[in-house]
Amino acid sequence: QQIQSNFIVVIHPGSTTLRIGRATDTLPVGTPHIIARRQKHQGQPVYKDSWLLRDGLNKPESTEQRQNGLKMVDQAIWSKKMSNGARRIPVSPDQSRSYNRQMRPAILDHSSGNKWTNTSHHPEYLVGEEALYVNPLDCYNIHWPIRRGQLNLHPGPGGSLTAVLADLEVIWSHVIQKYLEIPLKDLKYYRCILLIPDIYNKQHVKELVHMILMKMGFSGLTSKPALWQVTHALCLLVKRPNLSLQYKAVVPNLSVGIAHSYSQQTVVGAKHPAAKKRQRKEALPLKCCREMAMLLGGILAGGSQDISGLQDHEFQIRHPDSPALLYQFRLGDEKLQAPMALFYPATFGIVGQKMTSLQHRSQGDPEDPHDEHYLLATQSKQEQSAKATADRKSMSKPGGFEGDLRGQSSDISERMYPQEVELGSSQSDCIIAGNESEEPLAAHMSRKTAISQFEGKALGLDKAILHSIDCCASDDTKKKMYSSILVVGGGLMFHKAQEFLQHRILNKMPPSFRRVVENVEVITRPKDMDPRLIAWKGGAVLACLDTTQELWIYQREWQRFGVRMLRERAAFVW
């Protein structure tokens with residue numbers, strides 16, 4: 001039955017921010033995606049999920065790689081003139097470093113206006129803002145249930161799949177009751193649209209669907225990858241999650257994909273630990289560190305070509321139960337080096353870690369007997385049977401020798417064909433859909449080679465986009481991709497970022513396409529909308545479409561058929 005949009009809840013679970021709201025809401029509710037759970041036994045060490053730091057940052061080769069990356073960044077910066085044609089004034093890092101070392105904070109106010117969360121009544125858990133302000137001396141474990149777009153599974157406390165799902169259920173239920181003012185007993189009258197990661201884990205999606213329908217009690221659900229938006233044109237989509245810069249050269253995960261269906265990849269980055277070190281030194285609450293990192297991100301992320309010389313900046317620290325402090329500091333080329341690290345990932349100095357990930361084939365699910373492995377096996381048997389029938393017919397006709405040759409030729413192609421089937425069904429390198437499934441084998445294998453060439457390597461944002469477009473099957477599709485590139489998420493909210501990315505793509509795209517593509521358009525703020533909200537808004541639009549009625553998975557259906565309903569109803573390849 002048709003359902004009014006105000007009875008549909010759209011959930012976009014991000015790594016740091018949960019965005020949730022009714023499909024009719026203009027803007028979603030945004031709250032930190034964090035939970036603090038009280039320890040059951042006193043005296044245990046407090047556990048806190050680490051920030052997005054990578055082991056590969058501290059390898060012996062990291063410093064050398066980071067320096068080489070900065071040299072490339074500096075060369076790119078100084079090779080580009082300012083808008084008035086003048087060259088930039090070189091700034092030595094020692095100039096800003098010596099000034100910043102001698103600066104001391106000024107007291108703005110003897111009271112910061114912030115207080116630790118009151119835990120005197122010993123609540124079992126705290127969610128969102130309250131969890132960020134938990135005093136480090138209180139006996140609460142801090143958990144971020146999602147990291148880099150995936151469930152945050154780890155061997156530490158609260159890191160099992162069951163524990164992470166329990167945290168998500170508590171957080172989402174709390175936010176729905178507090179901010180949407182929907183009693184949990186009334187969720188049986190509501191449906192849910194869940195945005196899942198672009199490169200998703202089937203087992204995790206299955207568990208999330210089960211949690212929403214059977215534990216939280218929604219009457220129906222449909223889901224879509226956060227990368228794909230409701231669009232009226234064929235376009236390339238680049239998803240950037242929220243970016244909280246810490247010191248300089250900081251990037252979270254990057255997903256690049258074709259909205260039409262061809263290729264998607266995640267290029268991972270790192271965050272420097274400057275803000276976290278300060279947190280340990282001064283016992284700053286997570287809330288203060290988060291705001292300081294975002295503030296520094298806004299200062300450092302200057303993509304304007306006219307930035308030159310030393311510039312003064314300031315930020316405030318409002319520590320709970322302490323004076324409000326004002327810090328002043330100077331920056332030179334760091335303001336340009338930070339956003340340029342998006343295009344020169346060697347600047348991060350990440351060594352010995354896989355830098356890209358692709359959608360891999362599922363290992364199978366015992367609850368889904370007709371999974372892709374079954375389809376592959378039955379498809380192969382049907383093709384073999386059809387080939388044997390064709391061979392018998394050809395042998396029964398005059399010129400049986402020619403038919404024998406045709407059979408040998410067909411057998412050769414048959415031995416090659418399983419590679420093509422495996423590529424398409426794995427959903428890893430390229431996903432075939434619609435009328436493009438008749439792509440020639442040579443083109444198919446060429447795309448497979450192109451993709452495997454970069455697997456595991458760090459790609460700059462512009463190279464990742466060009467590589468993703470190059471994975472398309474036809475030149476006509478590639479031309480359409482070049483003409484419409486949509487950047488989704490808050491990671492590219494730098495000044496002049498749109499023009500800079502467009503300039504780099506124009507300079508690096510193949511000459512053959514540069515002549516035929518009339519206009520390369522890069523969109524970072526569609527209709528002046530906050531790019532961090534585009535994925536959630538896409539889910540809200542999906543709720544209003546008539547075609548969505550065919551995508552709902554209902555509670556009774558899930559209870560009876562389980563994960564098979566995702567294969568039948570999911571709005572993405574399962």
Side-chain angles (χ1 to χ4, degrees), residues 3-38 114-119 121 123-134 140 142-146 149 152 164-196 208-209 211-213 215-224 226 241-242 244 285-288 290-291 294 489-490 529-544:
I3 185 172
Q4 295 180 352
S5 297
N6 60 324
F7 281 88
I8 297 177
V9 176
V10 182
I11 301 178
H12 182 195
S15 297
T16 57
T17 304
L18 169 67
R19 293 187 171 86
I20 187 170
R22 290 179 173 87
T24 52
D25 293 342
T26 304
L27 298 174
V29 172
T31 184
H33 208 180
I34 181 176
I35 184 172
R37 287 191 177 272
R38 185 164 59 89
N114 292 332
K115 294 186 178 297
W116 297 112
T117 299
N118 182 9
T119 59
H121 55 297
E124 287 294 328
Y125 61 84
L126 296 163
V127 169
E129 298 282 346
E130 291 183 335
L132 288 177
Y133 272 116
V134 168
Y140 281 84
I142 307 297
H143 302 289
W144 299 85
I146 295 183
N152 185 19
V164 170
L165 291 171
D167 287 344
L168 290 174
E169 182 181 352
V170 169
I171 296 173
W172 298 359
S173 299
H174 175 86
V175 173
I176 288 173
Q177 290 184 97
K178 181 176 179 179
Y179 296 104
L180 303 188
E181 298 180 348
I182 302 174
L184 295 184
K185 63 181 178 60
D186 291 343
L187 288 182
K188 59 186 177 183
Y189 304 116
Y190 286 79
R191 297 179 192 173
C192 173
I193 292 182
L194 175 66
L195 276 65
I196 65 171
L208 288 172
V209 172
M211 180 192 77
I212 290 173
L213 291 177
K215 294 186 177 181
M216 296 181 68
F218 279 94
S219 65
L221 172 141
T222 188
S223 60
K224 76 178 190 72
N242 294 337
S244 299
L286 291 173
K287 172 70 174 177
C288 285
R290 187 168 174 262
E291 291 180 346
M294 294 181 70
M529 185 188 303
D530 186 339
R532 293 170 293 184
L533 305 180
I534 294 178
W536 183 90
K537 202 66 177 179
V541 172
L542 182 67
C544 304

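The chain is numbered in sequence order, starting from 1. If you're wondering where the values come from, they're calculated on a predicted model, not measured in any experiment.
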Locate the shortest heavy-atom distance separating T24 from N6; write the atom from each residue and the value.
CG2-N, 3.5 Å
Backbone N or O of G14 within a donor-acceptor pair of the R19 side chain at under 3.5 Å?
no
Please report the closest heavy-atom contact between C544 and S5, naming both atoms and the distance.
SG-OG, 3.7 Å
Quick one, I20 with T31, criterion side-chain contact (heavy atoms from CB on, under 4.5 Å). Give me CA distance, side-chain angles, the key distance, then yes/no.
CA-CA 9 Å; I20 187 170; T31 184; 5.7 Å; no
Side chain S15, main chain G149, donor-acceptor under 3.5 Å
yes
Expected output: side-chain D186 to main-chain P183 donor-acceptor under 3.5 Å
no
If you apply the rule side-chain contact (heavy atoms from CB on, under 4.5 Å), what do you find for K215 with L165, and how did you get there?
CA-CA 11 Å; K215 294 186 177 181; L165 291 171; 6.0 Å; no
Nearest 0.5 Å, what's the OG-CD1 distance between S223 and I11?
11.5 Å
I need the minimum non-hydrogen distance between P13 and L195, along with the two atoms involved.
CD-O, 3.3 Å
Supply the atom-to-atom distance W116 CH2 to L132 CG, rounded to the nearest 0.5 angstrom.
11.0 Å
State, to 0.1 Å, how close W536 and D25 come at their nearest heavy-atom pair, and which atoms those are.
CH2-O, 3.6 Å
In Å, rounded to the nearest 0.5 Å, how long is the span from CG of L194 to CG of L208?
6.0 Å
Output for pair (L18 CG, H174 NE2), nearest 0.5 Å, gives 11.0 Å
Does K537 use its side chain to pair, donor to acceptor, with the backbone of L27 at less than 3.5 Å?
no
What closest approach, in Å, do R191 and S219 show between heavy atoms, and which atom pair accounts for it?
CG-OG, 3.5 Å
T117 side chain near Y140 side chain, heavy-atom distance below 4.5 Å
no
What's the separation between atom OH in Y133 and atom CG in N118, rounded to the nearest 0.5 Å?
15.0 Å
Let me confirm one number: the CZ-CG distance from R37 to L126, rounded to the nearest 0.5 Å.
10.5 Å
Option among I182, I193, L221 that satisfies the side-chain contact (heavy atoms from CB on, under 4.5 Å) test with V9:
I182
With side chains defined as the heavy atoms from C-beta onward, is the minimum distance between I534 and M529 less than 4.5 Å?
yes
Any idea how W172 and H33 line up, ring-wise: parallel (<30°), tilted (30 to 60°), or perpendicular (>60°)?
parallel
Nearest heavy-atom approach of I171 to P145 is CD1-CG, 3.6 Å
For the residue pair M216 and S173, establish whether any side-chain heavy-atom pair is separated by less than 4.5 Å.
yes
